[in-house]
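Structure first, commentary second.
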Amino acid sequence: MEKREQLYEGKAKKVFATENEDFCIVSYKDDATAFDGAKKGSISGKGVVNNRMSNYLMEKLEAEAGIPTHFVEEINDRETVVRKVSIIPLEVIVRNIAAGSFSKRFGVEEGTPLLCPTLEFCLKNDDLHDPMVNEYHIIACGWATKEDIETITDYTFRINNYLKEYFKGIGVDLVDFKIEFGKTKDGKIILADEISPDTCRFWDSKTHEKLDKDRFRRDLGNVEGAYQEMMRRVFGE
Ligand code: UDP
């Protein structure tokens, strides 16, 4: 597929049109931001890790867990053909272990295992700092329908079950993660965006060492090393 004009540039990716209006090409950057864009930097090699890991996991989710995703074809280390969707403006957050904003907001110490996985919806809006919203807010404001939310909830817990087991197998605790869904032209909801160390908290199962973007957010050092370590665990490289 041929890369045509740039449609959009986000914080971590660029999106290009192709000759087929049902498909786009995403290009992953090394740019890193945190705190709604207030902190900016670059993580060398991140784009490659995120592109390859996200593609690998989405392919597995399709094949082994029956989750429809936007993944079509990896073109190279940083670029992938994806199905074109309109993004549902919600960040869907699943947690298995308390961390980050959950710990802060609810006073639950980071690292506390949760008795069952939790689900949160946040409105995608940096200016408003992605406020948490509930199902009534979502339906009332038309961000998604009741049926959409049911589909998203079903897919999301299936994704969590699958990924938790997968990461356990490579010695990583899946603490929490954020996913996004989109709607295709014919109204089908599919998993979109990415699944990567930018969007998941990964802790080494034994040492609890952080192997994700928290190393950048919290200035913990060895940020590149953490991304490369996740790449090594997933691809054995
Ligand atoms: N997350 C994300 N993008 C966001 C907010 C959160 O990918 O804009 C991910 C984050 O990496 C973590 C999970 O969602 O894996 C939960 O994040 P949390 O709500 O704890 O927010 P944070 O502490 O990162 O601000």
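This is a predicted model, so every value here is computed, not measured. Residues take their numbers from the sequence shown, with the count starting at 1. As the structure lists them, so they are numbered: ligands from 1, and atoms in each ligand from 1.
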How far is [atom] from the closest protein heavy atom, and which atom is that?
{"atom": "atom 11 (O) of ligand 1", "value": "Arg217 NH2, 2.9 Å"}
{"atom": "atom 8 (O) of ligand 1", "value": "Glu91 OE1, 3.1 Å"}
{"atom": "atom 12 (C) of ligand 1", "value": "Asp176 OD1, 3.1 Å"}

May I ask you to list the atoms of ligand 1 that are less than 4.0 angstrom from any heavy atom of [X]?
{"X": "Asp130", "value": "8 (O)"}
{"X": "Ser101", "value": "18 (P), 19 (O), 20 (O), 21 (O), 23 (O)"}
{"X": "Gly100", "value": "20 (O), 23 (O)"}

Relative to the ring of Phe106, is the ring of Phe102 parallel (under 30°), tilted (30 to 60°) or perpendicular (over 60°)? perpendicular
To the nearest 0.5 Å, tell me how far Lys168 NZ sits from Leu163 CG. 13.5 Å
Heavy-atom neighbours of Phe35 CZ exceed 12 at 6.0 Å: yes
Quick check on Glu109: does its CD atom have over 12 non-hydrogen neighbours (other residues, nucleotides or ligands) under 6.0 Å away? no
Would [X] count as a contact residue for ligand 1, given that I'm defining contact as a non-hydrogen atom of the residue lying under 4.0 Å from a ligand atom?
{"X": "Arg201", "value": "yes"}
{"X": "Glu120", "value": "no"}
{"X": "Asp198", "value": "yes"}

Between Arg95 and ligand 1, does any nitrogen or oxygen pair lie at a separation below 3.5 Å? yes
Closest to atom 14 (O) of ligand 1 by heavy-atom distance, out of Lys213, Lys178, Arg105, is Lys178
In terms of side-chain geometry, is the basic nitrogen of Lys13 or Asp193 positioned less than 4.0 Å from the acidic oxygen of its partner? yes
When you check the gap from the basic side-chain N to the acidic O, do Arg78 and Asp30 get nearer than 4.0 Å? yes
Phe235 ring centre to Arg52 NZ or CZ under 6.0 Å, with the angle to the axis within 45°? yes
Is the terminal nitrogen or CZ of Lys39 (NZ for Lys, CZ for Arg) located under 6.0 angstrom from the six-membered ring centre of Phe216 and within 45° of that ring's axis? yes
Side chain, backbone, both or neither: which part of Cys200 has a heavy atom under 4.0 Å from ligand 1? backbone
